[in-house]
Amino acid sequence: MLTCWLISEDGNHEPLPLPHYQRVTLGRGPETTIKDKKCSRHQVELKADCNKGYVKVKQLGSNPTFVDSVEVGKGMEVKMEPGQQLHIVNQLYPYTVHFMEDLSGEPPPAKRPREPPSMEAADSKGASNVKVAKQANHTPSSGRESATSNNEKPGIWSNGLKATMQDPKMQVYKDDKVVVIKDKYPKARYHWLVLPWESIPNMKALRGEEHCDLLRHMQQVGQRMVAQCKDAPALRFRSGYHAIPSMSHIHLHVISQDFDSPALKNKKHWNSFTTDYFIDSQDVIQMLEKTGKVTVKEGTSELLKLPLRCHVCHKELATIPSLKEHLKTHISV
DNA sequence: GTTCTAGAAC
DNA sequence: GTTCTAGAAC
């Protein structure tokens, strides 16, 4: 896949990466070096589509943003292609976009961007035999302080998924909207995560028809993962979301219901997949369809402390080892 | 999310 | 004595 770069025609700073399908907010601030008070800190939102080769430019600030001397208009969005010029505010701060083949971070012509960090990612053994969709590279989201004001520091453990999903070695499927990886610590024989390229921190950030379509697509991709799994006929699967996930970047769990895994170690692990803490994908989509947003019931975090109960026969077990022993009675092979 | 470990439970 | 959990640190 190509990588998109935003280049300051004034040479005010190094090119900024625009990761595929991720919304990047720019304005007055250190990334752009713009100090002009007429420029909002959140002046524009950019979303690159590296497959189609354009960037969508949305004007967030009150003062006008221009693409080729055409005013975008507050709250409006226009397409911008290579060769066109973006003025972040008024006729100032010109930028262009460049799509480049991602040859291990080959720099765009203007100035060298800093090399994105290559995150090490532990291997996860696993019994899946999924074809890797493509071996194209995908440039990591940011080797610098994020262009958005979000917490996206790569070092923070809760941002680990953002790095792992970009690693071609971890990807078992990808298309223009989503990527699938095997969970690094699978809690069952089969445990995949479906993640959108677009950076959506959690379910609270879900809005509207666009995200609804995305979630439907994520579920469909999850179903395809199950369909290609040789052991699927002998297993039951669920796809859903943790009500309160530990890891940032929204992810759909697709997990077989054997829960036969050494990585399943404690009550939190168990209850997060077998109580209402785990919300079926269908239910999330339905809630988004009906109410335009997704909310989590109060007291959901308490569900993690519930006694251990078998998800098949509902027998209560005192300890994790005894639960694991019990689970064997429900597994045929 | 995991790892580590003190101390509770047995 | 050992097993297991749960909370802190990362």
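The structure displayed is predicted, hence computed values, not measured ones. To find a chain, count down the sequence lines: A is the first, B the second, and so on, and within it residues start at 1.
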Original post:
Is it true that A/Arg216 and A/Glu289 make a salt bridge, defined as a side-chain N closer than 4.0 Å to a carboxylate O?
Top reply: yes
**OP:** Identify whether the distance between the nearest side-chain nitrogen and carboxylate oxygen of A/Glu198 and A/Lys56 falls below 4.0 Å.
**Re:** no
Subject >> A/His311 and its ring pair (Phe, Tyr, Trp, His ring centres under 6.0 Å) partner, picked from A/Phe273, A/Trp270, A/Phe278 >> reply: A/Trp270
Original post:
For A/Gln91, what residues pass the side chain to side chain donor-acceptor pair (under 3.5 Å) criterion, not counting sequence neighbours?
Top reply: none
**OP:** Measure across A/Arg28 and A/Asp36 and return the closest heavy-atom pair with its distance rounded to 0.1 Å.
**Re:** CD-O, 3.3 Å
Original post:
What does A/His242 touch in the nucleic acid at a heavy-atom separation under 4.0 angstrom: a base, only the sugar-phosphate, or nothing?
Top reply: sugar-phosphate
**OP:** In whole angstrom, give the distance that lies between atom CG of A/Leu195 and atom P of B/dG1.
**Re:** 12 Å
**OP:** Round to a whole Å and report the spacing from NZ of A/Lys184 to C1' of B/dT2.
**Re:** 10 Å
Original post:
With a non-hydrogen cut-off below 4.0 angstrom, is A/Ile320 in contact with a base, only sugar-phosphate, or nothing?
Top reply: sugar-phosphate
**OP:** Respond yes when some side-chain nitrogen or oxygen of A/Lys162 is under 4.0 Å from OP1 or OP2 of B/dG1, and no when none is.
**Re:** no
Original post:
Looking across every strand, which nucleic acid part, if any, lies under 4.0 Å from A/Thr319 by heavy atom: base, sugar-phosphate, or nothing?
Top reply: sugar-phosphate
Original post:
For A/Ile244 and B/dG1, what is the distance between atoms CD1 and P respectively, to the nearest whole Å?
Top reply: 11 Å
Original post:
With a non-hydrogen cut-off below 4.0 angstrom, is A/Lys305 in contact with a base, only sugar-phosphate, or nothing?
Top reply: nothing
Identify each atom pair where a protein N or O and an N or O of nucleotides 3-7 of chain B are less than 3.5 Å apart, giving names and distance.
residue: B/dT3; atom: OP2; partner: A/Lys265; partner atom: NZ; Å: 3.2

Original post:
For A/Gly27, does its backbone N or O pair with a side-chain atom of A/Thr32 as donor and acceptor, under 3.5 Å?
Top reply: yes
